[in-house]
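Chain naming here is simple, since letters A, B, ... match the order of the sequence lines and numbering starts at 1 in each.
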There are 2 protein chains.
Amino acid sequence: MTVMVTALNGLRQMISSGELRPGQRFPPEADLCARLDVSRSSLREAVRVLDTLGVIEVRHGSGTYVSRLDPADVIRGFSLTVDLLPLDGLLQLFEIRRVLEGNAAAQAAARAPEELIDRLSALCDEMEASDDVAAMSALDDEFHEAICVAAGNPTVTSLIGVFRSRGRHYKIFDSDPSAPVKRTSDEGHRAIVEAIARRDPAAATAAAASHVARTEFWLSTLQPAPDN
Amino acid sequence: MTVMVTALNGLRQMISSGELRPGQRFPPEADLCARLDVSRSSLREAVRVLDTLGVIEVRHGSGTYVSRLDPADVIRGFSLTVDLLPLDGLLQLFEIRRVLEGNAAAQAAARAPEELIDRLSALCDEMEASDDVAAMSALDDEFHEAICVAAGNPTVTSLIGVFRSRGRHYKIFDSDPSAPVKRTSDEGHRAIVEAIARRDPAAATAAAASHVARTEFWLSTLQPAPDN
DNA sequence: GATATCGAGTCATCAGATGAGTTGGCTGCG
DNA sequence: CGCAGCCAACTCATCTGATGACTCGATATC
């Protein structure tokens, strides 16, 4: 086991053991080095890992703190790696999205306030009227995000967000806005809204899952590499 | 933006841009430092982050390589942070488990070979006969893992595994093996197996989701801190 | 009492040195 | 020629020391 892993586990245990609660400050680097018996370089590497992942928070000039450990925040850190998955691996994530977004749509159907339904409907109008790829993509995000938020579990919203964001790097809408892809996508969104408006969770689940499945299919027909 | 983040993004872009494909080797540290215009310390911090997360692989004496970028592997890295979530945050993850394990059970009901059903049934027998907490926990893991594997999506299996592992640190079975918790758990497992054996996906989903929900409830009544 | 300044404490970053593992080629023997 | 063993170059691992930058509370000043 490398020295850095020793340091990493040491830091993690200080949190998991309850020695340091969310928001509390770690001892200074020098003290930690002595305690864990590692050099500053190794300690800092471990600290960076946990900092990058959102588990701890390093404040320059002030100290190192345990983060709030909010699940939604921690999960957001996953995108650091998920964003690097190649297309073929990405497709395996779609089963998760299908199930999770289906569930979120059902919750939204049960809980969404009337204002949200109006908002979703308005977003559909905008998407249908739009022919700018970037704008449509942004609206699409907002649409799905709103449904997740209405579902009421920020952690689930965060996880779906991570998986959705990876897909954004691929452009499934080609330049022709009249393409069947866009039309089908618009219809999918409309079906989800209608199910939610009818307060029909089962229908909302089916509509959302089906929508994700179609996206999955389009992506699977796309072999060109991503851009960034 | 810190220098380390510069390095991190530089490395990530080398992968996401397709410059380096899975399995390929990065230039030596010195070259990377020059290219990204960062010091060796900062570069190494960035490398460690990606290495710890399973995106790249550092082989002492040989070089640094892009990993296979298998989604299941990458997702396994999530446990590094998920294992640190406090109990209250952990409960938010149960909605995900409920939905995902319900789906996996449905898939298993549709696809599981006869041998697996026998195996699940045997595991139930063992669990019911066992009164050792540690052994029961291991059997429980094996039971749920087997269902996920049968469902056929390693990525989903990996994700469920990450979320399940976090729960393992809490002991919901108290020392009394005749406690209602154990009996209810045993019945839950049996119900899942029976639904899978009947090739009834909907029933399997309900049984699995209900089983997870019960675990969630038990955990929610448990406020004492974890041990490790 | 409000504000400006200062200094101790802390992290950020770099450079250099030494140690350790891997790999491929070279050598010499059979 | 084939192979085993050795060796040197290359690469990462880790530590140390130095300097810079930021934060924040204490102190001095008005």
K.L.:
Do the rings of B:His189 and B:Phe143 sit parallel, tilted or perpendicular, given the 30° and 60° boundaries?
P.N.:
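Correct class here is tilted.
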K.L.:
Which letters describe nucleotides 3-16 of chain C, given B = protein heavy atom under 4.0 Å from base, S = only from sugar-phosphate, - = neither?
P.N.:
------BBBSBBB-
K.L.:
Just by distance, no angles: are the side chains of A:Asp83 and B:Ser16 close enough, under 3.5 Å, to form a donor-acceptor pair?
P.N.:
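Checked: A:Asp83/B:Ser16 side chains show no N/O donor-acceptor pair below 3.5 Å.
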K.L.:
Please identify which of these residues, B:Leu50, B:Val3, B:Leu43, meets the side chain to side chain contact (heavy atoms under 4.5 Å, CB included) condition with B:Leu8.
P.N.:
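When side chain to side chain contact (heavy atoms under 4.5 Å, CB included) is applied between B:Leu8 and each of B:Leu50, B:Val3, B:Leu43, only B:Leu50 qualifies.
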K.L.:
Is a donor on one side and an acceptor on the other found under 3.5 Å between the side chain of B:Ser67 and the backbone of B:Val55?
P.N.:
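Yes, B:Ser67 side chain to B:Val55 backbone: donor-acceptor pair under 3.5 Å.
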K.L.:
Tell me whether A:Glu142 is salt-bridged to A:Arg119, with the criterion being a basic N under 4.0 Å from an acidic carboxylate O.
P.N.:
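Salt bridge flag = yes for A:Arg119 with A:Glu142.
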